[in-house]
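What follows is a single structure, written as structure tokens, with notes after it.
Here the structure is a predicted model, which is why all the values come from computation and not from measurement. Indexing begins at 1, ligand by ligand and atom by atom, following the structure's order.
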Amino acid sequence: MNKEINVSYLKSVLCRNNLSPNKLLGQNFLVSKHVFSKILNCARLTSEDTVLEIGAGIGRLTSLLADRCRKVISVEIDSGLFKIASQRLKGREDVFLIHGDLLDGKHHISDEVTHSLRRVHQSGPIKVVANLPYQISSPAIINILEWEIAVGRMCVMLQKEVAERLTAVPGQSEYGPLSVFAGYRADMTVFAEVAPSEFWPQPEVRSALVDIVRREPEITAGEYRVFSKLVNLLFQNRRKMLRKGLKMGFGGDAANRLIEKSGINEKKRPGELTTAELVHLANLLTETQRAY
Ligand code: SAM
């Protein structure tokens, strides 16, 4: 495998198959042995793990993952790459490749991926490991955290800017819906920063490997749909103070009641509210809506 992790090997495989990297599909392939090792360290795989990989590429990370766990399911959208990965991994019973899109629209994981996981994995949380295509990284993370399949840990390569939004805390300018929705269900830490030179072709931005560890929410949202609507609405007007933002979304009376019952300072702006405060507000909103 070592000789396969360099630019000339990758170029020769793509060239033999009349392929070149497709920017629209986020095809920045990893060409660094040392970053592959970092991903494997971050994922802390055991022989019991089932792993979902997003974007098999030519199947190099796929095979390194399969060497260390029970089963890898890898989904690849590009038919040319899917064909190469299938040939390279032929005969491996611990790898199951799916040709298709991870996502079905912006808000769902595709049924094919869900059903395939159900077929091969019966109990316990799975892991997700991926050098994520950057154009789908935020919806992929949120949909996976909200998925019916339990995911215990995700170890994903992201654009550094997305990693900063994901790991931001209240008061930071990067803090927003992505930090809140992910922070509702998981703890996130940057495991390593990765330079553009570790990929081919080189992306224009720096990347970061992020370790996402699932946990129970601090406070459970009674109706997740209400929480989600409230967060999106408040952050659409992120410069407005809480009372104004609530008034714009739900009317003056509801805004007054929510401020009074929650005890949250009305002068706070959405970017200063913790996930727990936002859930608290959403739960009060649910109560208020039920009462009227
Ligand atoms: N795993 C390989 C590596 O590390 O070198 C490739 C990673 S590359 C950053 C992202 C891969 O995801 C590409 O192979 C791309 O074709 C695939 N991809 C892009 N969008 C996808 C989607 N919506 N569903 C599944 N795979 C996708």
Side-chain angles (χ1 to χ4, degrees), residues 1-2 4-14 17 19-40 42-43 51-67 72-89 95-114 116-117 128-144 147 154-160 162-163 192 194-210:
M1 175 60 78
N2 277 352
E4 300 180 358
I5 302 178
N6 63 52
V7 180
S8 40
Y9 177 81
L10 184 62
K11 280 184 177 169
S12 73
V13 172
L14 294 187
N17 289 274
L19 294 174
S20 53
N22 182 340
K23 209 173 167 179
L24 295 177
L25 292 178
Q27 291 176 356
N28 299 99
F29 302 93
L30 266 173
V31 287
S32 157
K33 214 164 49 170
H34 128 97
V35 179
F36 275 114
S37 301
K38 283 208 165 131
I39 296 179
L40 296 171
C42 174
V51 172
L52 169 68
E53 185 196 17
I54 299 145
I58 66 166
R60 292 168 308 164
L61 180 58
T62 323
S63 114
L64 292 170
L65 293 169
D67 291 342
V72 178
I73 300 209
S74 186
V75 49
E76 173 54 61
I77 199 168
D78 184 302
S79 55
L81 293 177
F82 173 77
K83 205 168 122 211
I84 298 174
S86 303
Q87 279 160 2
R88 287 165 58 88
L89 299 162
V95 176
F96 182 77
L97 289 175
I98 301 171
H99 177 214
D101 194 331
L102 169 80
L103 299 174
D104 175 9
K106 229 177 134 190
H107 302 291
H108 297 281
I109 303 289
S110 91
D111 284 348
E112 194 181 356
V113 176
T114 306
S116 304
L117 264 154
V128 171
V129 183
N131 173 18
L132 272 180
Y134 291 158
Q135 80 287 0
I136 62 157
S137 53
S138 303
I141 291 169
I142 295 304
N143 284 312
I144 287 171
W147 200 13
M154 296 173 75
C155 182
V156 285
M157 185 72 74
L158 302 170
Q159 247 176 300
K160 191 174 166 226
V162 178
V194 181
S197 56
E198 312 282 19
F199 302 85
W200 181 79
Q202 292 194 19
E204 276 146 29
V205 291
R206 286 183 70 79
S207 303
L209 185 58
V210 180

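Scanning L64, V113, L102 for the heavy atom closest to atom 24 (N) of ligand 1 points to L102. Counting heavy atoms only, I77 comes closest to atom 18 (N) of ligand 1 of the residues N131, I77, I98. Checking D101, L65, L30, L81 against atom 5 (O) of ligand 1, the nearest heavy atom belongs to L30.
Every atom of ligand 1 is numbered from 1 in the order shown, and the set under 4.0 Å from a heavy atom of Q27 is 13 (C), 15 (C), 16 (O). Distances below 4.0 Å separate heavy atoms of F29 from the following atoms of ligand 1: 5 (O), 6 (C). Less than 4.0 angstrom separates some heavy atom of Q135 from each of these atoms of ligand 1: 19 (C), 20 (N). Close contacts between ligand 1 and G26 involve ligand atoms 8 (S), 9 (C), 10 (C) [criterion: under 4.0 Å to a heavy atom]. Listed by number with element, the atoms of ligand 1 under 4.0 Å from a non-hydrogen atom of R60 are 5 (O). If you number the atoms of ligand 1 from 1 as listed, the ones under 4.0 Å from a heavy atom of E53 come out as 1 (N). Near I136, the atoms of ligand 1 lying under 4.0 angstrom from a non-hydrogen atom of the residue are 22 (C), 23 (N). Atoms of ligand 1 lying under 4.0 Å from any heavy atom of A56, numbered from 1 in the order shown and given with element: 1 (N), 2 (C).
Crowding of H99 atom NE2: a count of heavy atoms from other residues, nucleotides or ligands under 6.0 Å exceeding 12.
For N28, no nitrogen or oxygen atom sits less than 3.5 Å from a nitrogen or oxygen atom of ligand 1, counting backbone and side chain alike.
Ring geometry, W200 versus F29: the interplanar angle falls under 30°, so the pair is classed parallel (tilted spans 30 to 60°).
Under a 4.0 angstrom heavy-atom cut-off, V75 registers as being in contact with ligand 1. The closest approach between L61 and ligand 1 stays at or above 4.0 Å for every heavy atom of the residue. Ligand 1 has G100 within reach: a non-hydrogen atom of the residue lies less than 4.0 Å from it.
Neither the backbone nor the side chain of I58 has any atom closer than 4.0 Å to an atom of ligand 1 (non-hydrogen atoms only).
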